[in-house]
Structure formats: structure tokens, C-alpha cells
Amino acid sequence: MNPFQAPAGTRDVLDPESARFAFVLERFSKRVRRAGYGLVISPMFEDLGVFNRSIGEDSEVVTKEMYEFDDKGGRRLALRPEGTASVVRAFVQHRPQIPWKAWYATPAFRYERPQAGRYRQHHQVGVEALGSDDPDLDVEVIALLDGYLRDLGLRSLDLRINSMGDLACRPGYESDLRAFLEVNVDGLCKEHRETWHRNPMRVLDCKRPPCIELRSRAPRLRESLCDDCARHFARVLEGLDALGIRYEQDDFLVRGFDYYTRTTFEVASGVLDAAQNAVGGGGRYDGLTELLGGPPTPGVGFGSGIERVLLAGEAEGLFGDLDSHVDVFVVDLTGGAQARDLTHLLRGAGLSTDRAFDDRSMKAQLRQADRSGATVALIVGRDEVERDVVTIKLLRGTQAHHQEQTPRLDLIGRVKELLS
RNA sequence: GUGGCCGUAGCUCAGUUGGUUAGAGCGCCAGGUCGUGGCCCUGGAGGUCGGGGGUUCAAGUCCCCUCGGUCACCCCA
């Protein structure tokens, strides 16, 4: 076996699959740019504090899953485990005009046990919109996620949405919830019997039967929202209705990062197993800029995992015909100089062209031409050189096998004609 | 982090109760007459059986460790 392979939980994405990867990326970037979002490219590692403070010291991601390291200058750094924190840090640092609408595509690193659809390096696309607390912006962001996924052809999608309240109403709710849990500790699952006090909201999100049973009797945040939050949430739902975006309100949707306020949402694919069905999620984070040392600035965004989207897409039978292929393949029987010059010429004229190397036999070159997916093969041997022509052979299509000779001067025009 | 299953050529896999130079299909390469692909025929290259240690006269086959994959839990994208 090779001495080196990709580290645990990481992988190489090679051609047929990388073509799907690129396709998804392109669809995404087109859509968000059309909505006025600009690309932000930020470092893949940050001061550890950027993530600690924003995601939350007690969160699973921060306590157990971050790739932390010291650089040679003694700085305490971490590889980005998700997309939002860096973008918001960049906002605070540069103070661009608001509303600032940004999109990103980035790897994200989490030290987790690898599993189907779960990697130590996965890739996310996402958007962040800072500087407005208008609920219509929440709607815009959700519509972008929903539209992006549906536009790819995904059909089986479930959008769940909830409001987490804000600093005015959540603390009160949390103490109500604590009080409730305190008298019902025995009803919790054994994990949460230990941890409910530190982060009571997580109990709502627990998938174990005891907690599920208990939470149905627990106080609802929905009923404790302050007027502002309630109005905001109502307007978001109204907007989704207006745009015909289907959703399910879920009182128990609690996302794993501490920075969320008010709107939170998650999209799950119905064709994936529950363990890996989240294809995107996000929400509002109105206090986050301050946590990172900036002025109070509301924000909302989402992240979506490319690997998950690809899994769902494959499960739904999308991306059938993305094989990359060239249109023209040059077969040179004179040693290679002809192929060298012709491919250069053809590519310069905008034709996707490939050739064989190493002066292989004609049979081998044609076999390669066939594999390349090319529609036409150009054959140049001694005869052609002497007569200053090129033999054009059609490899596929209704005219397959047809062969003709064309003067070199007319070559590009003739090839384009045959390809159209 | 915990637990189950798995690890043989580039890929998909066979390898009988441990016993001779480890096999197949696909793929790849070369030939099947001088310059014509996809089909067919023939031949060839390619594996320290994930790695290390142990048991044994003998291990791909048994045991231990380790690395990796996979699935579940957990968490999430």
C-alpha cells in the first residue's frame, strides 16, 4: 500500500465527481451574485478566539472538534470549522458599507469521527448579510438557500424554521426552561441529566425518547417571545408564504452555535439518512459583531454543505451527464510537432482540443481520441503534410466514420461547421 | 469520543477445514501486416494479500496491536 494517503476523514475529489462539485458551485455563485452578494475570501484559519467567542465556548464544535494549533510565532490559531465567524470578523475589521451582502465557498474543518456524508474537511457555500434587521432580509436569505437547492433539481427537501428570541426575551425563557427541567431531571435522557443546566435549550433538540417525551410538556419559546421578536418572526413567515416557500415551524429546532438569535432554519433532504440529512442551515445572529469587538450590527446567513448536496443529488438521480470531454482530438503520425502546433491553433480559436503524446501508434491515438469523447479526430501524417491538408474523421454522431480532407487554411471553419 | 462490520491488482470481487509460483471480470498496454477508434481474438504489465507483531513445519486464511474505510450513537453541513 502507498505510504501516504489522504488523512482520515478527508478525500480527493477527482474528475467525474469534481465536475459535479464545480457544477454545484457555479449554480450557487450565479444565483447569489444575481441577488447582489459579493464574494469574500478570507483566511482558512483565524485566531482561536474568533471561533470560541462566536460559536460558543460550550458548543460541541468548539470543545471537541476544532483543529487548533500554535504557529511558529506562538499565535493560538484554529482552522475554520464553519463559515460565518470569519466573514463576520472580516466585516468588523473592514466595516464595509451596510447592508453588506457577502457569499463564500470554503472548506471547513472539524475533528469528528468520519461517516457517510461527514468529513473532517468538508466544503460549504453560504451567504451572510450584515447591517439590517429587516425580516425581509431573513426571507431573502432563506429564499436563496431554498432556490439554490431546488434549482439543482432537489425535490425532497424539508425546511424547518424557528425563532430563538433575542437578548430581551431569551434569558427569561431560559430560566423558565431551567426551572422546568430542574423539577423534571429524572425525565431527561442520561446525557442531558448531566448537561441540562449549562445549556438547557439543547434538551429541546435531543433525539432520545426521554427528552422528546419531556419537551412536549416544557414551556415554549414561541409563547415567551417579546413583541419585537414575535413581530419579526411573523413577518418572516408571512414573507415565506408570499414567496410560496414551504416550511414547517419547529419549536424544537435549536442550532448548535450560540450566536443565533431570532430566526433559525434548517433544510433536510428526505433522501438521506437522518444522521446526514442536513443540507443547509442558518439564521440570524444579531449579537455576533459585538462578540467580535465590532459595533452592534444585525446579520443573517446560511451555510450549505456541498458533499451533502451532492449525496442528495445523486440519491435523487441528478447530474447525469456532466462528463468533461473535448470536441476535437488531434492524431499526429509524424512525431508530435503537428499535434503540438495544431492543438495550439485550435484552442486559440476556441475549440476544446486534446491530443496524444509520446508518438504512439495510430491505433493507440485513435483509441485515445475515442475515449476523450471527441466528435472529430484530425489526422495528420506524411501525406497530409505534403499536400498541406488535414484529414478530418467523424467519430460519433449520425455521420460517424465519415472522413474528408480539408486544406489547412479552411480547417478551423470546417471543424466548427462539423461540430455545430 | 463509544460500539458493530470490513480492508486481496487502478476498479468490482473470488480465494474451499491454514498447505505448492495468489486468481477472475473490467480497465490499461501491445499485437491481429505498411496510416484508421468503439466490437472480437491473442498476449502482456500490474499485488511485500492495509501495516506491524505473534501462533504454526506452513497464514491472504487464526490471535493481538495499529492505520484506514464503513455504519450506528453523538454532533452537524
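Order of the sequence lines fixes the chain letters, A, B, ..., with proteins taken first and strands second; residue numbering starts at 1 for each chain.
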* Within a reach of under 6.0 Å around OH of Y111(A), are more than 12 heavy atoms found that belong to other residues, nucleotides or ligands? ->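 No, because the 6.0 Å sphere around OH of Y111(A) holds 12 heavy atoms or fewer from other groups.
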* Asked: Near R382(A) CZ, under 6.0 Å, is it more than 12 heavy atoms from other residues, nucleotides or ligands?
  ->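 Open: at most 12 neighbouring heavy atoms sit under 6.0 Å from CZ of R382(A).
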Between [N] ([atom2]) and [X] ([atom1]): distance, integer Å:
{"X": "H402(A)", "N": "G37(B)", "atom1": "NE2", "atom2": "P", "result": "18 Å"}
{"X": "Q115(A)", "N": "G69(B)", "atom1": "CD", "atom2": "C1'", "result": "12 Å"}
{"X": "L395(A)", "N": "G37(B)", "atom1": "CG", "atom2": "P", "result": "11 Å"}
{"X": "Y104(A)", "N": "A77(B)", "atom1": "OH", "atom2": "P", "result": "9 Å"}
{"X": "E65(A)", "N": "A77(B)", "atom1": "CD", "atom2": "P", "result": "10 Å"}
{"X": "L272(A)", "N": "A72(B)", "atom1": "CG", "atom2": "P", "result": "11 Å"}
{"X": "R360(A)", "N": "G35(B)", "atom1": "CZ", "atom2": "P", "result": "15 Å"}
{"X": "R120(A)", "N": "G68(B)", "atom1": "CZ", "atom2": "C1'", "result": "11 Å"}

Pair of N/O donor and acceptor under 3.5 Å linking [N] base with [X] side chain:
{"X": "K393(A)", "N": "G35(B)", "answer": "no"}
{"X": "Q365(A)", "N": "U36(B)", "answer": "no"}
{"X": "R308(A)", "N": "C76(B)", "answer": "yes"}
{"X": "E266(A)", "N": "A77(B)", "answer": "no"}

Reckon [X] touches a base, only the sugar-phosphate, or nothing at all at heavy-atom distances under 4.0 Å?
{"X": "R110(A)", "result": "base"}
{"X": "D358(A)", "result": "nothing"}
{"X": "D383(A)", "result": "base"}
{"X": "F257(A)", "result": "sugar-phosphate"}
{"X": "R382(A)", "result": "base"}
{"X": "I306(A)", "result": "nothing"}
{"X": "G117(A)", "result": "base"}
{"X": "A369(A)", "result": "nothing"}
{"X": "R11(A)", "result": "nothing"}
{"X": "Q368(A)", "result": "nothing"}
{"X": "A108(A)", "result": "nothing"}

From C-beta outward on [X], which listed nucleotide comes closest to its side chain: [options]?
{"X": "E60(A)", "options": "A77(B), G35(B), C74(B)", "value": "C74(B)"}
{"X": "R367(A)", "options": "C75(B), U70(B), A30(B)", "value": "A30(B)"}
{"X": "E384(A)", "options": "C75(B), A77(B), G35(B)", "value": "G35(B)"}
{"X": "Q124(A)", "options": "A77(B), U36(B), A72(B)", "value": "A77(B)"}
{"X": "R118(A)", "options": "G68(B), A77(B), G37(B)", "value": "A77(B)"}
{"X": "A278(A)", "options": "A77(B), A72(B), G32(B)", "value": "A77(B)"}
{"X": "R113(A)", "options": "A77(B), G68(B), G1(B)", "value": "G1(B)"}
{"X": "A364(A)", "options": "U2(B), A77(B), A30(B)", "value": "A30(B)"}
{"X": "Q5(A)", "options": "U36(B), G68(B), C71(B)", "value": "G68(B)"}
{"X": "M362(A)", "options": "G35(B), C71(B), A30(B)", "value": "G35(B)"}

* So Y259(A) and Y285(A), would you call those rings parallel, tilted or perpendicular, with 30° and 60° as cut-offs? ->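 Rings of Y259(A) and Y285(A): perpendicular, as their planes differ by over 60°.
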* Which word best sums up how the rings of F257(A) and Y260(A) line up, parallel for under 30°, tilted for 30 to 60°, or perpendicular for over 60°? ->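 Taking Y260(A) first and then F257(A), their aromatic rings lie parallel (interplane angle under 30°).
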Spacing of the [atom1] atoms in [M] and [N] (rounded, Å):
{"N": "C13(B)", "M": "C6(B)", "atom1": "P", "value": "14 Å"}
{"N": "C28(B)", "M": "A45(B)", "atom1": "C1'", "value": "9 Å"}
{"N": "U12(B)", "M": "G47(B)", "atom1": "C1'", "value": "16 Å"}
{"N": "U21(B)", "M": "A58(B)", "atom1": "C1'", "value": "16 Å"}
{"N": "G60(B)", "M": "U48(B)", "atom1": "P", "value": "13 Å"}
{"N": "C63(B)", "M": "A14(B)", "atom1": "C1'", "value": "25 Å"}
{"N": "U61(B)", "M": "A22(B)", "atom1": "P", "value": "14 Å"}
{"N": "C71(B)", "M": "A59(B)", "atom1": "P", "value": "35 Å"}

* Given side chains that start at C-beta, do those of R355(A) and R340(A) come closer than 4.5 Å, heavy atoms only? ->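 Yes - at least one pair of side-chain heavy atoms lies under 4.5 Å apart.
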* Of G381(A) and G9(A), the one whose closest RNA chain B nucleotide lies more 5' ->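 Of the two residues, G381(A) wins.
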* Whichever of R202(A) and D273(A) has its nearest RNA chain B nucleotide further upstream toward 5' ->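 Its nucleotide being nearer the 5' end, the pick is D273(A).
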Using purine N1 to pyrimidine N3 plus N6-O4 or O6-N4 for Watson-Crick, or N1-O2 and O6-N3 for G-U wobble, both under 3.5 Å, which nucleotide pairs with [N]?
{"N": "G25(B)", "value": "C11(B)"}
{"N": "U16(B)", "value": "none"}
{"N": "G60(B)", "value": "none"}
{"N": "C75(B)", "value": "none"}

* Give a yes-or-no answer on whether the side chains of S372(A) and D354(A) include a donor-acceptor pair shorter than 3.5 Å. =>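 Note: S372(A) and D354(A) side chains miss the donor-acceptor criterion.
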* Asked: Do T10(A) and Q121(A) have a side chain donor and acceptor closer than 3.5 Å?
  ->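 No donor-acceptor contact under 3.5 Å links the two side chains.
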* **N/O (side chain, R255(A)) to phosphate O (OP1/OP2, A77(B)) under 4.0 Å** =>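 Checking A77(B) against R255(A), a side-chain N or O does come within under 4.0 Å of OP1 or OP2.
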* To do: Mind running side-chain contact (heavy atoms from CB on, under 4.5 Å) on V32(A) and K101(A) for me, showing each step along the way?
  => CA-CA 9 Å; V32(A) 296; K101(A) 304 208 295 185; over 6 Å; no
* Between F180(A) and R217(A), is there a cation-pi geometry (under 6.0 Å to ring centre, at most 45° from the normal)? ->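 That pair does not qualify as a cation-pi contact.
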* Go through L253(A) and I161(A) one step at a time and tell me if the side-chain contact (heavy atoms from CB on, under 4.5 Å) criterion holds. => CA-CA 7 Å; L253(A) 173 65; I161(A) 185 165; 5.5 Å; no
